[in-house]
Novice: 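Pasting in a structure now, in C-alpha cells, and then I'll have a few things to ask.
Here the structure is a predicted model, which is why all the values come from computation and not from measurement. Throughout, protein chains are lettered first and strands after them, A, B, ... in sequence-line order, and every chain is numbered starting at 1.
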Amino acid sequence: MGTDIGELLKKQQVEISELSHKVVAVDAYNTLYQFLSIIRQRDGTPLKDSRGNITSHLSGILYRMTSLMEEGIKPVFVFDGKPSHLKARTIEKRTADREKATIKWEEAKSKGLAEEAYMYAQASSRVTHEIVEDSRKLLVAMGIPWVDAPSEGESQAAHMVKRGDANYVASQDYDSLLFGASFVVRNLTITGKRKLPKKNIFVDVKPEIMELGENLAELEIDQSQLIEIALCVGTDYNRGLEKIGPKKALKLIKEHRSIEKVLQAVGQNIEDLQEIKDLFLNPSVTDNYTLKWKKPDTDAIVEFLCQGHDFSKERVIKACERLEKISGPGQRTLDQWF
DNA sequence: TCCACTCC
DNA sequence: GGAGTGGAC
C-alpha cells in the first residue's frame, strides 16, 4: 500500500505528550484499515455485534481517540472520496488479494492452522461503506470533526497541513509526504505496542515524526524529485521499475536529474507518467471544511455503541466520562477546544 | 505496580 | 488496539 520510500526518510521518535495541542489530520482509511486488521479475536474473527456487524473500528476509534484527546491532541478524520482512475489497477489487486485471503482463511481454519488463519483473516480486512458510515456516526457523537476529501484522503490531509489548519498528517503510509505534507506522524498510538508481521512478538513503538523539508534537504532533492523516486519504486498509481528499490531510485534520480532520463537509462517506461506526477503535485482537494471540536454527546455514544452495537455500557460510559472531562470545567485546555 | 492473558 | 483482570512480586 502506498509507496515504499520509508527507508530513505529520517524519522524522529517523539513522546505522545509532545503532540499536545496539535491538530492531527488522520488518514481515515489508513486508520480504519489498521483497526480492522488488528482488533480481532484470537481465531482471527473481527469484533462483531449480535447482528454480525463488524465493530473493531468502533472500539479502536472510541478508545484511541479518547486517549489521544486526553493528551490534548485534536484529531480530525479525513475520508477518501472518489479515487483517481489511475488507481483502478491497485484497487482491483486489493480486491483480488482480499478474496484470496478470505478463501485461505477458511482453508487454514478448517485445517486448524491458527496462526495462518489469523494472518489471512487480517489480510481479508475491508473498509466497507458501512464501516465508514458507522465511523462517521461515532466521530460526530464524540465531537470529533471529519472532512470528506474530493479524492485521496492523504492528499486532502496534506492540503490541510499546507494551509496551516492541521499540524500533522497521521498515517502509516508515506504518500502524504508526496502530496506535500510538511509534517507526518506515524504510529500515533497510546500503548506503543505493535505486533510484528507474522510473528507473535510485540515490539515497543513510539510515534515518529517525519519532516518533509528536512528530508528533502538531507537527500539533496526537491519535492518533484521525491515524487519521481516514488514513481520509480512504485505507487498506488503505477507499477515500479524492475529491479529498482528506493536506494537505487534515489541514486538514479540524483544522477540523471529527471525521471525521463532515468527511464531512458534503464530502458523502461512508466505509463501515464505526467498525469501521475501531476496528481501528486496538484491533487484534487477542497477548502470547503470547518474544523470544530465539540463536547461529546454521551447519550448518542451510548445509544449508538450499546443499543446499536452491543458494546458494554459500563465500558462505554467510562470512556464517555473521560471524554467529558477533556472539555469539561476545570480543564486548562478548555479555550483551546472551542 | 507489573506482567500476561483475556475480552471486546 | 486498548481496557480489564488476576496473579506475582
Side-chain angles (χ1 to χ4, degrees), chain A residues 1 13-17 19 24 26-73 75 77 114-115 117-128 130-132 134-135 137-139 141-142 144 168 170-173 185-208 296 298 301-326:
Chain A
M1 188 181 295
Q13 290 208 340
V14 296
E15 298 299 326
I16 201 91
S17 56
L19 297 169
V24 178
V26 177
D27 175 5
Y29 178 89
N30 191 273
T31 300
L32 294 180
Y33 184 84
Q34 217 87 303
F35 285 148
L36 292 175
S37 66
I38 289 162
I39 305 179
R40 285 170 182 271
Q41 290 159 322
R42 222 195 328 258
D43 67 348
T45 316
L47 305 189
K48 287 180 182 175
D49 63 23
S50 57
R51 290 177 302 153
N53 301 309
I54 293 176
T55 57
S56 298
H57 55 300
L58 299 176
S59 180
I61 290 172
L62 178 70
Y63 293 117
R64 185 187 286 178
M65 291 307 132
T66 298
S67 297
L68 292 181
M69 283 158 74
E70 275 178 338
E71 293 286 344
I73 294 169
F77 271 60
E115 259 183 56
Y118 194 95
M119 196 184 76
Y120 287 122
Q122 283 190 310
S124 68
S125 307
R126 182 172 167 235
V127 180
T128 63
E130 196 182 10
I131 281 166
V132 168
D134 280 351
S135 299
K137 272 186 211 156
L138 179 57
L139 290 169
M142 291 175 74
I144 298 169
Y168 296 92
S171 178
Q172 295 305 104
D173 291 351
V185 57
R186 303 180 80 233
N187 304 337
L188 189 63
T189 62
I190 293 302
T191 53
K193 291 263 186 220
R194 172 134 315 141
K195 195 169 174 289
L196 287 182
K198 248 194 123 153
K199 297 276 175 196
N200 206 14
I201 300 168
F202 285 82
V203 289
D204 270 338
V205 286
K206 282 199 175 154
E208 46 188 39
T298 292
I301 296 171
V302 170
E303 162 81 24
F304 179 60
L305 292 180
C306 303
Q307 269 88 72
H309 293 291
D310 305 328
F311 276 51
S312 143
K313 199 164 179 179
E314 196 190 344
R315 290 184 181 201
V316 170
I317 282 178
K318 219 169 256 186
C320 287
E321 284 168 358
R322 290 168 61 198
L323 278 172
E324 281 168 5
K325 215 173 154 191
I326 297 164

Novice: When the distance from CD of A/Q41 to C1' of B/dC5 is rounded to whole Å, what number comes out?
Specialist: 15 Å

Novice: Is any side-chain nitrogen or oxygen of A/R64 closer than 4.0 Å to OP1 or OP2 of C/dG2?
Specialist: yes

Novice: Taking atom C1' of B/dC8 as reference, at what distance in whole Å does atom NZ of A/K318 sit?
Specialist: 14 Å

Novice: Between A/D43 and A/T45, is there a side-chain donor-acceptor contact under 3.5 Å, judged purely by atom types and distance?
Specialist: yes

Novice: Does A/E314 CD have over 12 foreign heavy atoms under 6.0 Å away?
Specialist: no

Novice: Just the rounded figure in Å: distance from P of C/dG2 to CG of A/L36.
Specialist: 14 Å

Novice: With no angle test and no hydrogens, is the base of C/dG1 tied to the side chain of A/S59 by a donor-acceptor pair under 3.5 Å?
Specialist: yes

Novice: What is the distance, rounded to the nearest whole Å, between atom CZ of A/R186 and atom P of C/dG1?
Specialist: 13 Å

Novice: Looking at B/dC8, I'd like to know if its phosphate oxygens (OP1 or OP2) sit under 4.0 Å from a side-chain N or O belonging to A/K48.
Specialist: no

Novice: With heavy atoms under 4.0 Å as the rule, sort A/R40 into base, sugar-phosphate or nothing.
Specialist: base

Novice: OP1 or OP2 of C/dA3 versus the side-chain N and O atoms of A/S67: is any pair under 4.0 Å?
Specialist: yes

Novice: Which nucleotide wins on minimum distance to the side chain of A/I39, given the candidates C/dG1, C/dA3, B/dC7?
Specialist: C/dG1

Novice: Checking contacts here: which listed nucleotide (C/dG2, C/dG1, B/dC8) is nearest the side-chain heavy atoms of A/Y63?
Specialist: C/dG2

Novice: Establish, with yes or no, whether the OP1 or OP2 oxygen of B/dC8 is under 4.0 angstrom from a side-chain nitrogen or oxygen of A/R315.
Specialist: no

